[in-house]
Amino acid sequence: MPIIKLYNTLTRKKEKFKPIKSGEVGIYTCGPTVYNYAHLGNLRTYIFEDILKRVLLYNGYKVKHVMNITDVGHLTGDMDMGEDKMELGAKREGKSAQEIADFYTKAFKRDIKHLNILEPDIWCKATEHIKEQIELIKTLEKKGYTYITSDGVYFDTSKFKDYTKLSHLDLETLKEGARVEKNKEKRNPTDFALWKFSPPGVKRQQEWSSPWGVGFPGWHIECSAMSMKYLGDQLDIHCGAVDHINIHHTNEIAQSEAATGKKFFNYWLHGAFLNIAGGKKMAKSADNFLTLENALIKKGINPLVFRFAVLQVHYRKPMEYSKDTIKSAKNALEHLYNQVRLLGNKRGKIIKEYKEKFLEAINDDLNTPKALACSQELLKSKLSHKDKLATILDFDKVFGLDLEKLQEQKLPPEIDRIVKERKKARERKDWEKSDILRAKLQSLGYVVEDSKDGMRVYKI
Ligand code: AMP
Ligand code: ZN
């Protein structure tokens with residue numbers, strides 16, 4: 001199998017990827033907290049993860065992909081303080097937490113479909129895995145990693161000696177970050193909740209009984225419990241965006257490795273943020289929040305324009321978002337679509353030389369900007385149309401830009417009738433009639449191309 005190099009946050013190095021089981025890869029991607037729509041920043045991360053998955057598939061790996069849906073336990077403060085985001089969404093919209101979760105889960109699935117993101121093999125919801133989370137906390141308790149305060153069961157981070165191995169920060173810096181949210185009962189600022197109690201006298205919408213009292217799981221424990229349940233001993237790659245490094249993923253590693261005594265995931269990949277102009281992160285809690293629906297679909301822009309914009313930036317580089325981002329990506333994608341349409345619809349063979357260049361780009365830590373440049377080299381080369389077509393359609397298994405669909409454009413019957421009439425006119429060399437019919441097609445918004453392969457008519 002070809003060599004794939006991936007930048008591993010654990011080692012801060014580009015490493016040759018080696019799966020636990022030969023030819024197979026287990027991937028866990030932290031999914032959405034379903035109390036609101038996903039914004040373009042979130043979607044950038046899911047596109048990066050989709051490219052990773054497609055690159056592995058393109059290289060011939062069998063991939064098992066698990067994604068969770070966070071539908072309980074994620075509080076507004078990352079250090080287990082503040083309001084539950086699900087209950088906040090429910091209050092905002094006058095619905096139940098369950099209704100909110102169902103609504104935004106559906107919206108998320110629609111978004112990823114629009115973006116040609118391949119669905120995970122397994123979707124798993126935090127609320128459907130309470131038993132597994134309780135079991136994991138019980139194991140941690142038995143091993144002496146937990147303590148109980150008035151508001152929950154906490155993980156004692158001082159007992160896990162490798163706590164800083166993912167963040168590469170010294171413990172003091174991590175503690176400083178964690179002190180932002182004050183909780184006097186915590187033994188160490190970095191300690192985190194495994195189980196939170198329902199506040200006395202309050203009946204939460206989402207609560208379960210547990211050996212420690214009625215309440216709900218902490219945010220991090222769901223990802224440990226569900227990744228180990230569904231991937232078992234195939235803990236190859238775990239991803240998210242960079243905001244997950246210092247808290248969420250650091251805590252996942254601590255609690256999982258403390259429970260099993262074994263290494264949790266081998267590779268940790270993190271995507272950079274989508275920022276709005278000025279370097280401010282796009283966030284659900286801020287007013288700079290753009291959805292796929294508002295920024296593209298409602299304006300009649302193909303959502304794949306956003307996918308294309310994401311591919312133009314390497315996943316570890318911050319992406320600056322402005323109106324021009326979409327405008328220039330739209331132009332570039334339309335240009336690519338036209339280039340591909342011009343190739344006609346006969347497929348030749350995949351050209352090895354270009355495939356190798358393409359592989360070299362994507363297998364070098366998912367270098368999609370370079371892979372796009374490689375496609376332009378191919379399209380501008382002197383190769384035959386049919387070989388170019390076969391090769392670019394092969395690349396599109398990774399890009400996911402629907403290039404194949406360009407070949408299948410179905411014309412409405414009235415247009416098809418004019419096309420047939422023009423074909424007949426050309427067969428009898430009636431050039432005058434042919435020109436009139438061409439003008440007619442153009443006036444109806446169609447592009448007409450005559451080449452040695454015959455006539456091609458399409459709408460842009
Ligand atoms: P959430 O739904 O808030 O749990 O986040 C879902 C995913 O989006 C996580 O992997 C986050 O790390 C990621 N994320 C959040 N904000 C951004 C952003 N501005 N740019 C890129 N990824 C983000
Ligand atoms: Zn997670």
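Atoms within a ligand are numbered from 1 in the order they appear, just like the ligands themselves. The residues of the chain are indexed from 1 along the displayed sequence. None of these values were measured; they are calculated from a predicted model.
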Quick one: sort the [X] and [Y] rings into parallel, tilted or perpendicular, breaks at 30° and 60°.
X: F264; Y: W268; result: tilted
X: Y28; Y: F265; result: tilted
X: Y163; Y: F192; result: parallel

Has ligand 1 got any nitrogen or oxygen that is less than 3.5 angstrom from a nitrogen or oxygen of [X]?
X: Y46; value: no
X: F273; value: no
X: M282; value: yes
X: A272; value: no

Does the ring pair (Phe, Tyr, Trp, His ring centres under 6.0 Å) test come out yes or no for Y61 and F17, once each step is laid out? CA-CA 12 Å; Y61 284 101; F17 173 66; 5.8 Å; yes
Taking the six-membered ring where the residue is Trp, are the ring centres of H129 and Y230 under 6.0 Å apart?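 Between H129 and Y230, the centre distance is under 6.0 Å.
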Taking the non-hydrogen atoms of H39, is any one of them nearer than 4.0 angstrom to ligand 1?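 Heavy atoms of H39 do come under 4.0 Å of ligand 1.
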Residue list, side chain to side chain contact (heavy atoms under 4.5 Å, CB included) with [X], at least two apart or on another chain:
X: T149; value: Y147, D151, Y154, E185
X: E24; value: K21, K62, Q234
X: A371; value: F358, A361, I362, F399

Just jot down the ligand 1 atoms closer than 4.0 angstrom to any heavy atom of T45, in number order.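 Those of ligand 1 that fall under 4.0 Å from T45 are 10 (O), 13 (C), 21 (C), 22 (N), 23 (C).
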Give the numbers and elements of all ligand 1 atoms closer than 4.0 Å to a heavy atom of K281.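 With K281 as reference, the close atoms of ligand 1 come out as 16 (N), 19 (N).
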Nearest-neighbour protein heavy atom for [atom], which is reported as residue plus atom name and distance:
atom: atom 20 (N) of ligand 1; value: L274 N, 2.9 Å
atom: atom 9 (C) of ligand 1; value: H244 NE2, 3.4 Å
atom: atom 11 (C) of ligand 1; value: D243 OD1, 3.6 Å

Between D191 and K186, is the closest basic N to carboxylate O distance under 4.0 Å?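 No, K186 and D191 are not salt-bridged.
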Would you call R54-D50 a salt bridge at under 4.0 Å N-O?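 A salt bridge is present here (some side-chain N lies under 4.0 Å from a carboxylate O).
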For Y37 and N42, run side chain to side chain donor-acceptor pair (under 3.5 Å): C-alpha distance rounded to whole Å, both residues' side-chain angles, the deciding distance at 0.1 Å, then the answer. CA-CA 10 Å; Y37 291 106; N42 303 134; over 6 Å; no
Counting neighbours of CD on E360 that are heavy atoms of other residues, nucleotides or ligands and sit closer than 6.0 Å, is the number greater than 12?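 It does not: E360 CD has 12 such atoms or fewer within range.
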Is K95 atom NZ crowded by more than 12 heavy atoms from other residues, nucleotides or ligands, each under 6.0 Å away?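 Count over threshold, so yes.
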Hey, which protein N/O/S atoms does the Zn ion (ligand 2) have under 2.8 Å?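 The answer, once waters are left aside, is C30 SG, C223 SG, H248 NE2.
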Going by the closest heavy atom to [atom], which one wins out of [options]?
atom: atom 10 (O) of ligand 1; options: A241, P318, A38; result: A241
atom: atom 21 (C) of ligand 1; options: G31, C239, G41, P32; result: G41
atom: atom 4 (O) of ligand 1; options: T29, T33, N36; result: T33

Is ligand 1 under 4.0 Å from a heavy atom in the side chain of N42, in the backbone, in both, or in neither?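 Both the backbone and the side chain of N42 come within reach of ligand 1.
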Side chain, backbone, both or neither: which applies to R44 and ligand 1 if a contact is any heavy-atom pair less than 4.0 Å apart?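 Within the 4.0 Å criterion, R44 makes no contact with ligand 1.
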